[in-house]
Amino acid sequence: MCYTRLVIAAGVGTLLLTGCAQGAQEGADAGAGGSAVREVVTEADIVLPVSAYFLTPEQQALVDTAHSTLASDCMKRFGFDWPVTKAEPVNAVSRRYGVVSEKVAAEHGYHMIPSAQGDEHARGAVSGRAKLPPEAYVVYGAKGGKADSGGKAGPGGNYRGKDIPEGGCIGEAGRKLGLDKVQNPAKGKIGLLSIDFSSYGQAQKMPEFIKVQDAWVSCMKKAGYQHTAFLQPAEKYALLGDSASPQEKTVAKTDVKCKKDVKLATVLLRLETQIQNDYIEQNAAGFAEIKKDQDAVIKSANEALAN
């Protein structure tokens with residue numbers, strides 16, 4: 001699963017809550033009532049109930065591509081040939097509980113796995129935009145533009161006699177997709193989805209997790225490493241150099257072994273699952289609305305790309 005929750009929608013500076021729902025229902029069912037959940041062996045096992053309320057990587061790519069397409073269509077009305085960026089699904093590896101996979105620890109230590117998804121379409125779009133005049137950027141995403149005698153955009157709200165949409169062409173594209181509803185903090189949706197972050201901190205304050213983390217500390221100490229919290233090794237090594245050193249990989253492998261021995265990630269997943277299930281049940285109407293608006297965005301994105 002991927003875990004990024006706040007991204008730049010369509011690469012234009014608009015915040016959109018996203019994520020991965022793969023296996024989310026399975027995780028939610030297994031964790032109902034705080035009982036048994038899957039044992040965490042790899043990062044892919046870390047799936048939480050709230051994941052079902054975020055866009056999958058494939059859905060996010062669909063929405064981003066539709067957003068770029070609609071914005072490009074808008075730009076054509078103003079005489080600009082703005083390129084379309086075709087987004088590809090981004091399947092990031094979860095590091096919610098640090099490194100938990102023996103394979104990842106041995107190959108990458110605490111460094112992120114290099115992405116093989118170099119988006120040629122995005123690079124081509126950036127190259128195409130570089131050839132456009134400054135006025136195009138005002139029409140595309142600035143707060144407004146106004147034509148002077150030379151046809152240049154400036155403050156005001158129009159360009160060469162045509163009104164610029166609120167928020168530029170990206171604003172218009174977002175409204176056509178319904179992103180304004182999905183992103184509206186006044187409706188409380190972003191607040192509801194914040195359980196994805198808050199459950200993480202809540203779980204770590206629970207006595208059961210504290211006991212497990214203490215056991216992990218003892219395990220690491222026996223191996224010669226002095227850490228008081230399970231994320232400390234990652235904080236120490238993740239930013240050292242472009243890739244993991246042999247020493248870092250050794251620490252990471254020991255870290256993973258200790259996590260597995262005391263079932264740290266499995267316990268943390270179970271506690272978070274319990275917290276999230278209870279929260280979703282208590283706010284069922286709000287989460288149903290999130291799903292409804294998300295489905296409407298996906299429908300609008302499909303329609304935009306079908307035209």
Side-chain angles (χ1 to χ4, degrees), residues 1-7 15-60 90-101 181-185 187-213 216 229-231 234 259-260 262-295 297-298:
M1 63 167 274
C2 74
Y3 174 63
T4 301
R5 298 309 193 206
L6 286 173
V7 300
L15 282 175
L16 174 65
L17 286 158
T18 66
C20 303
Q22 296 149 320
Q25 190 57 51
E26 179 184 349
D29 293 341
S35 56
V37 297
R38 70 182 74 196
E39 182 176 356
V40 177
V41 178
T42 71
E43 286 74 11
D45 295 320
I46 304 171
V47 180
L48 288 156
V50 79
S51 297
Y53 298 91
F54 292 103
L55 299 180
T56 66
E58 291 73 22
Q59 289 172 332
Q60 183 64 50
V90 178
N91 294 287
V93 175
S94 172
R95 290 291 174 86
R96 191 179 185 96
Y97 303 156
V99 176
V100 299
S101 164
K181 294 181 180 180
V182 175
Q183 298 165 199
N184 186 359
K187 300 187 75 173
K189 295 175 185 177
I190 292 178
L192 287 176
L193 292 172
S194 69
I195 187 63
D196 193 38
F197 297 96
S198 62
S199 65
Y200 184 72
Q202 292 176 42
Q204 291 181 53
K205 296 177 182 178
M206 299 176 76
E208 185 175 354
F209 175 76
I210 294 173
K211 181 179 178 180
V212 169
Q213 181 167 249
W216 174 88
F230 76 101
L231 288 180
K259 280 180 181 150
K260 291 186 183 300
V262 304
K263 297 188 180 298
L264 184 146
T266 300
V267 169
L268 190 50
L269 176 63
R270 177 165 59 80
L271 295 175
E272 279 207 86
T273 297
Q274 176 182 330
I275 292 168
Q276 290 193 7
N277 274 334
D278 290 345
Y279 185 83
I280 291 170
E281 183 177 353
Q282 293 163 12
N283 297 276
F287 279 96
E289 189 178 4
I290 290 173
K291 267 298 191 187
K292 178 181 177 182
D293 287 343
Q294 274 191 354
D295 290 343
V297 169
I298 296 299

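All values reported here derive from a predicted model rather than from experimental measurement. Numbers here are sequence positions counted from 1. Just the heavy atoms: all of them, side chains too, but no hydrogens, waters or symmetry mates, feed the values below.
- Considering only residues two or more places apart in sequence or on other chains, Glu281 meets the side chain to side chain donor-acceptor pair (under 3.5 Å) condition with none of them.
- The closest donor-acceptor contact from the side chain of Lys259 to the backbone of Val99 lies under 3.5 Å.
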Go through Tyr97 and Glu272 one step at a time and tell me if the side chain to side chain donor-acceptor pair (under 3.5 Å) criterion holds. CA-CA 11 Å; Tyr97 303 156; Glu272 279 207 86; 2.6 Å; yes
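- The shortest non-hydrogen separation linking Ala52 to Lys291 is O-NZ, 2.7 Å.
- Among all heavy-atom pairs drawn from Leu268 and Ala203, the shortest one is CD1-CB, 3.6 Å.
- Here the closest non-hydrogen pair linking Thr266 and Val40 is OG1-N, 3.0 Å.
- For the atom pair Glu58 CD and Ile298 CD1, the distance stands at 10.5 Å (nearest 0.5 Å).
- The minimum heavy-atom distance linking Asp45 with Glu39 is given by the pair OD2-O, 3.6 Å.
- With rounding to the nearest 0.5 Å, the separation of CD1 in Ile275 from CD1 in Ile280 is 12.0 Å.
- Here Ile210 pairs with Asp214 under the side chain to side chain contact (heavy atoms under 4.5 Å, CB included) rule; sequence neighbours left out.
- Going from atom CG of Leu231 over to atom CZ of Arg95 covers 11.0 Å, rounded to the nearest 0.5 Å.
- Across all their heavy atoms, Ile195 and Phe287 have their closest contact at CG2-CZ, 4.3 Å.
- Distance CD1/Ile46 to CZ/Arg38: 10.0 Å, rounded to 0.5 Å.
- Proximity of a side-chain donor or acceptor of Gln294 to a complementary backbone N or O of Tyr53 within less than 3.5 Å is detected.
- Annotation: ring pair (Phe, Tyr, Trp, His ring centres under 6.0 Å) contacts of Phe209 (sequence neighbours excluded): Phe230.
- Taking CG of Leu264 as the reference point, atom CG of Leu269 lies at 11.0 Å (rounded to 0.5 Å).
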Can you check side chain to side chain contact (heavy atoms under 4.5 Å, CB included) on Gln60 and Val90, steps first, answer last? CA-CA 9 Å; Gln60 183 64 50; Val90 178; over 6 Å; no
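- Note that CZ of Arg270 and CD of Gln274 are 7.5 Å apart. Values are rounded to the nearest 0.5 Å.
- The nearest pair of heavy atoms linking Gln276 to Leu48 is OE1-CB, 3.4 Å.
- No more than 12 heavy atoms of other residues, nucleotides or ligands sit less than 6.0 Å from atom NZ of Lys263.
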